[in-house]
Participant: 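Take a look at the following structure, please.
Order of the sequence lines fixes the chain letters, A, B, ..., with proteins taken first and strands second; residue numbering starts at 1 for each chain. For clarity, every value in this text was computed on a predicted model and none was experimentally measured.
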Amino acid sequence: VSADAQASDSSAGHRLTGRGTIVMLVVLAFLTALEVMVAMSHGPSVLVTLALFVLAIVQAAYFLLVAMGLGHETRIMKRWVALLLCIGVFYSLVLINESVWRSQFWRVLRGG
Amino acid sequence: MSATAHAHGHAPAIWPPDRQFGLVRPAKLAMWIFLLSDWFSFAGLLLAYGILRSNSSVWRHAGEPAFAVPFTAVLTLVLAVSSVAIIRAFDDSVSSNRKGTQLWLLVTGLCGLLFLAGQYHEWSGLMEHGLIFGQSAYASTFFVITGFHGLHVVAGLVYLGFIWVRSFRGISSANEVQLFELFWLFVYFGWNIVFVLVYLIPSGAS
């Protein structure tokens, strides 16, 4: 890879300048504070958990796109990264739900 | 192949030009592939955590200490500051500002060390209060997941030291800093997920 190509690749990536990084820090601090406040609220456990999931996804997506610069990468790169990240989450959710249903099934069987 | 195609009367396939080919440097692509494979390691641990937790009627047993959420939130902010610092280091390295790059790399490293010191403090405090590895799924998953993340911070600090020395000797490039930046930002990305899933989701204990 030539020096020119390397230079253009570096500059083609995300380059958050002073103001951009401060905005990013404020957003991350705000989202973290919001997550802590939601976790410490005395709402129904299911609602709190759901809200925390949503906040975690929002923060992760913001961080990926802005801080890690995925928003400035090529279209194909964005798609592959998003696809692989989602596969991890989806596969985890499927297996967790499957295990919950399996354990419920055995409980019902034993109870019956 | 082409001769075979002609022999069978087919015209050779002409693919349209790929406008995105070569736009991403191989080293950067390799780092993304590594980070995604690392993501699956995190996902595997969090999957085990999810299965254990969703199948347990009582997650945190009586007598087991709760995690110090406000303290860990401060540690999360320390990592966020280090993320900002590494982005500034990359920005300065692209502008060929060596002093600025070294300064921001130093800030990144100090924040990383502060985070590790905080984790050590938290671990020792929890162990003093009776949270022992292997005692329960609550304890084991906590130590394994946060320990796995802590190993990433340690690896990042070693990597940072390597980059910092090269920058000091004037032989590091912006691309090297960018690769490290991606790794370090992934450390925060992973921590954000761990913080929410392990620390914040209500444990339902008294």
Side-chain angles (χ1 to χ4, degrees), chain A residues 1 3 5-18 20-22 24-25 28-29 31-33 35-36 38-40 43 45 48-49 52-53 55-56 59-60 63-64 67-70 73-77 80-81 84-85 87-89 91-93 95-100 102-103, chain B residues 18-29 32-33 35-37 39-40 42-44 46-47 50-55 69-70 72-73 76-77 79-81 83-85 87-88 90-91 93-95 173-175 177-178 181-182 185-186 188-189 192-193 195-197 199-202 204:
Chain A
V1 181
Q6 286 194 3
S8 67
D9 185 55
S10 292
S11 57
H14 64 301
R15 279 190 65 189
L16 284 177
T17 48
T21 49
I22 289 175
M24 190 194 95
L25 185 61
L28 292 180
L31 287 173
T32 304
E35 285 170 352
V36 172
V38 168
M40 288 182 159
S45 180
V48 169
T49 304
L52 285 171
F53 269 116
L55 280 170
Q59 190 169 356
F63 196 75
L64 264 178
M68 295 183 80
L70 195 64
E73 295 293 352
T74 58
R75 200 174 57 239
I76 194 99
M77 180 104 148
W80 272 105
V81 171
L84 290 170
L85 286 173
I87 284 175
V89 174
Y91 192 54
S92 300
L93 288 176
L95 286 182
I96 289 169
N97 279 304
E98 190 268 343
S99 83
V100 170
R102 196 152 34 92
S103 67
Chain B
D18 185 352
R19 290 180 186 168
Q20 300 189 18
F21 181 77
L23 289 180
V24 179
R25 205 160 37 93
K28 194 160 137 187
L29 190 61
W32 271 108
I33 291 170
L35 294 180
L36 286 167
S37 65
W39 161 249
F40 278 93
F42 266 110
L46 293 171
L47 164 64
I51 288 175
L52 286 169
R53 185 160 178 174
S54 58
N55 281 313
V69 170
T72 316
T76 306
L77 289 180
L79 265 192
V81 171
S83 300
V84 167
I87 289 172
R88 297 302 302 271
F90 171 60
D91 189 40
S93 69
V94 171
S95 315
S173 67
N175 290 322
V177 179
Q178 189 183 35
E181 180 204 30
L182 274 177
L185 293 176
F186 179 76
Y188 178 82
F189 176 82
N192 173 46
I193 309 284
F195 180 57
V196 170
L197 295 184
Y199 286 84
L200 295 184
I201 289 182

Participant: Who among Val48(A), Leu85(A), Ile22(A) has the most heavy-atom pairs with chain B under 4.5 Å?
Facilitator: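 The candidate making the most pairs under 4.5 Å is Leu85(A).
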Participant: Report the distance from atom OG of Ser95(B) to atom CG of Asp91(B), rounding to the nearest 0.5 Å.
Facilitator: 5.0 Å
Participant: Examine whether an atom of Leu197(B) lies under 4.5 Å from a heavy atom of chain A, and if so say whether it belongs to the side chain, the backbone or both; otherwise answer neither.
Facilitator: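 For Leu197(B), side-chain heavy atoms alone lie under 4.5 Å from chain A.
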Participant: Among Phe40(B), Phe186(B), Tyr188(B), single out the residue with the greatest number of heavy-atom pairs under 4.5 Å to chain A.
Facilitator: Tyr188(B)
Participant: Using non-hydrogen atoms only, which part of Ile33(B) is less than 4.5 Å away from chain A: side chain, backbone, both, or neither?
Facilitator: neither
Participant: At a 4.5 Å cut-off on heavy atoms, which part of Leu31(A) comes close to chain B: side chain, backbone, both, or neither?
Facilitator: neither
Participant: Minimum heavy-atom separation for Pro202(B) and Thr49(A), please, with both atom names.
Facilitator: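 Nearest heavy atoms, Pro202(B) then Thr49(A): CD-OG1, 3.8 Å.
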Participant: Using every non-hydrogen atom in the two residues, find where Ala80(B) and Leu28(A) come nearest and quote the distance to one decimal.
Facilitator: CB-CD1, 4.1 Å
Participant: Give the member of Ile193(B), Val196(B), Leu200(B), Val81(B) that has the highest number of heavy-atom pairs under 4.5 Å with chain A.
Facilitator: Leu200(B)
Participant: For residues Phe189(B) and Leu64(A), report the shortest heavy-atom separation together with the two atoms involved.
Facilitator: CE1-CG, 3.7 Å
Participant: What distance do Leu70(A) atom CG and Leu185(B) atom CG have between them, rounded to the nearest 0.5 Å?
Facilitator: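 Taking CG in Leu70(A) and CG in Leu185(B), the distance rounds to 12.0 Å.
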Participant: Using a cut-off of under 4.5 Å on heavy-atom pairs, state which of Ala60(A), Ser45(A), Ala56(A) scores highest against chain B.
Facilitator: Ala60(A)
Participant: Given a strict heavy-atom distance threshold of 4.5 Å, which part of Val100(A) is in contact with chain B: side chain, backbone, both, or neither?
Facilitator: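 Looking at Val100(A), backbone and side chain both touch chain B.
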Participant: Which heavy-atom pair separates Val36(A) from Ala73(B) by the least distance, and what is that distance?
Facilitator: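 Nearest pair, atom of Val36(A) first, then Ala73(B): CG2-CB, 3.8 Å.
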Participant: Give, as side chain, backbone, both or neither, the part of Asn192(B) having an atom under 4.5 angstrom from any heavy atom of chain A.
Facilitator: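 Answer is side chain: those atoms of Asn192(B) sit under 4.5 Å from chain A.
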Participant: Tell me, for Ser54(B) versus chain A, whether the close heavy atoms (under 4.5 Å) come from the side chain, the backbone, both or neither.
Facilitator: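 Contact with chain A involves both backbone and side-chain atoms of Ser54(B).
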Participant: How far does CG of Leu182(B) sit from CH2 of Trp32(B), to the nearest 0.5 angstrom?
Facilitator: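 Taking CG in Leu182(B) and CH2 in Trp32(B), the distance rounds to 5.5 Å.
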